[in-house]
Amino acid sequence: MNSMKTRTQLAEPTHSPTRLAAIGMDQRQRNALRILFSSRCNKRYVLTEEASSEICILDLDSFGGEQKWKEFRDRHPEWPLILVSIKHHEIADRNTLFVQKPIPVERLIAAIETHRSNLPGSNIQDSQPAFDNPRINITKPMSGMDSTPTSRVVSTRRAASLMSASQEQTFVGTSPDIDPTDPEQLQNIYYNPAHYLQGLSQQALNQAVRYNQAISMDGPWPPITLDIESNKIWVAATERQLRPFCTLPDTTLEVELTPHAEGWSPPSNAKGYPLQAFIWQLALWASRGRLPEGTRIHQPIYIRRWPNFTRLVVTPHAMAIAALWAQQPRSLLDTASVLNIPQRYVFAFYSAAHAIQLVGETRRAVDTLIQPPAIERSTNRGLFGRLLDRLRGGKRER
Amino acid sequence: MSDFKIIFSGPVGVGKTTAIGSISDIEPVITDEKASDMTSAQKPGTTVAMDYGLIALGERERIHLYGTPGQQRFDFMWEILTQGGIGLILLVSNARPDPFSDMHFFLDAFKHFIAQTKVVIGVTQMDLSKQPRLEDYYLQLEDNGLKIPIFEVDARVKRDISLLVEALLYSIDPGLED
């Protein structure tokens, strides 16, 4: 596949590579740095042990990070140091530079080059700061963490959608982008699945799987029964009749989960929906472009596997989000930013996929170390867009 | 006129011809011949050459849809067909005796093409055989670290095959709507 390279790329080194040590980083983080140095920095830097290094990088978020920093400075009062952390730190030390995680590659390079220019015997020609060095092709920052809704122009292009405007409003809502630094706005993006039929269904499913029996959810809604045997939820109502109970909170205050004996069969007036597709849809109805409470918007999100889109409600941009996360974990805000789409589409997809346990927040330190690269633009992007429109629009049906 | 192609592959009888027909602008060109002994029990008239369909994007661009012959003895054609292709749509039937083996065989047979492009997998006939589940297919691929899109499909349904093609395009370029 041909693609336009937009990544940061350093020129070949004209002398021995600069030796860097990583302190407070596990093996995965070290490997990530090794790969970064060899693939995107033309082996201009090399990872080594502290004793033989020229510059050190210290992860303040590691266990005892602050103490490690103090001990490092006790050992090496003048040693060039780059501190990295998810949280911003003001550093009053001329030998210490700070780069916030996830680390934008160009900022790490700039910090290394700044330190390198002060190393004894450094070549003046090669020691210009990275941002001023014409040999370094800097990409624009990709992080959604830096962008505010007022500063970002969201794409207005719409591929032909499988969803009508009213359906989109039903499943994704209409909430505007939020400013992640505003606590008040942050509050508005969350909902508690347990207060909706979604949460009750997930609870019933867990119970049904655990005891291997059909479970009825008795409440103000039409009869609903989860049946593990057929892998279906049986509902004696149409979607239109059921929806109000799924979109309003606290309809589950007085409910009962009733197990059924073996050999239960659905009533003749009930319609069976595949379990996962049903819970996916309940999550969309309940979330309407919001996130389950407790979701961290800056934490990278992984996708365990692609949703079975052919049997699910496909919200706008869902396929793009899945493809992006399949390549590499990214935070929710970064996802909206790099795809140039409103946040609510990312939140809606996350909520639905989270309800059927396909996505989650990464827990590994390496996933928040380096900022994911920009999307590599296919040379056929225009063609793909036209094909996409065609497949969805179906202008020339046979 | 710019020409591009998408390759459909998979074992005999999985629905490649039908899938191409579901999204093609033209009636698919089918070059069926009498099946060999090996495949006649599965499908009386099976594809021993190739299938062909077409999606025309205006006056200037055409997407050619090629279905590879399912029989292994025609594998010499697979490499020729894939040259210059956008990507691979692999169909696997859940009703065949060993769908995992089928999947691994075709992923291996097209590994060079896949390395240059992308692949998506459609599992057909899940209505005839509920097992294995889609989850099981993903578990089979877990070792290689690939997150290939795998969808349940009915080859006769345009939406299903369209979504497979969409997943292929987004896998190549997630930012294609931008």
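Naming: A, B, ... by sequence-line order, numbering from 1 per chain. Side-chain atoms are counted along with the backbone in the values below, which use heavy atoms only and exclude waters and symmetry mates.
- Only the side chain of E61(B) comes within contact range of chain A, with heavy atoms under 4.5 Å apart.
- Here the straight-line distance linking atom CD of E166(B) with atom CZ of F309(A) works out to 9.5 Å at 0.5 Å rounding.
- Classification of D154(B) and R311(A) as a salt-bridged pair fails, no side-chain N sitting under 4.0 Å from a carboxylate O.
- How far CD of Q276(A) is from CG of L134(B): 9.0 Å, rounded to the nearest 0.5 Å.
- For the set L383(A), N231(A), L324(A), the count of heavy-atom pairs under 4.5 angstrom toward chain B peaks at L383(A).
- Contacts between residues 300-308 of chain A and chain B, counted as heavy-atom pairs separated by less than 4.5 Å, involve I303(A), R304(A), R305(A), W306(A), P307(A), N308(A).
- Contact of F151(B) with chain A is made through backbone and side chain together, with heavy-atom distances under 4.5 Å.
- A donor-acceptor contact shorter than 3.5 Å links the side chain of R381(A) to the backbone of G175(B).
- Side-chain atoms of P174(B) and Q327(A), non-hydrogen and from C-beta on, do get closer than 4.5 Å to each other.
- For E262(A), the CD atom is loosely surrounded, since the number of other residues' heavy atoms within 6.0 Å does not exceed 12.
- Only the side chain of I6(B) comes within contact range of chain A, with at least one heavy atom under 4.5 Å from a heavy atom of that chain.
- Residue I321(A) does not touch chain B at all, counting heavy-atom pairs closer than 4.5 Å.
- Other residues, nucleotides and ligands place more than 12 heavy atoms under 6.0 Å from the CD atom of E135(B).
- Side-chain contact check for V314(A) versus R159(B): some heavy-atom pair is nearer than 4.5 Å.
- In E229(A), the CD atom is not crowded: 12 or fewer heavy atoms of neighbouring residues, nucleotides or ligands sit closer than 6.0 Å.
- Put simply, the side chain of L57(B) reaches to within 4.5 Å of the side chain of R390(A), judged on heavy atoms.
- For R28(A), the CZ atom sits in a loose shell: 12 or fewer heavy atoms of surrounding residues, nucleotides or ligands are nearer than 6.0 Å.
- The part of L312(A) that comes within reach of chain B is its backbone (N, CA, C, O), which places non-hydrogen atoms under 4.5 angstrom from that chain.
- In this structure, the side chains of Y170(B) and L388(A) come closer than 4.5 Å at one or more pairs of heavy atoms.
- With respect to S378(A), the side chain to side chain contact (heavy atoms under 4.5 Å, CB included) criterion is satisfied by exactly one of I86(B), L169(B), I172(B): I172(B).
- Ranking D160(B), I148(B), I63(B) against chain A, the residue ahead of the rest is D160(B), based on heavy-atom pairs under 4.5 Å.
- Annotation for T310(A) and L163(B): closest pair CA-CD1, 3.7 Å, computed over non-hydrogen atoms.
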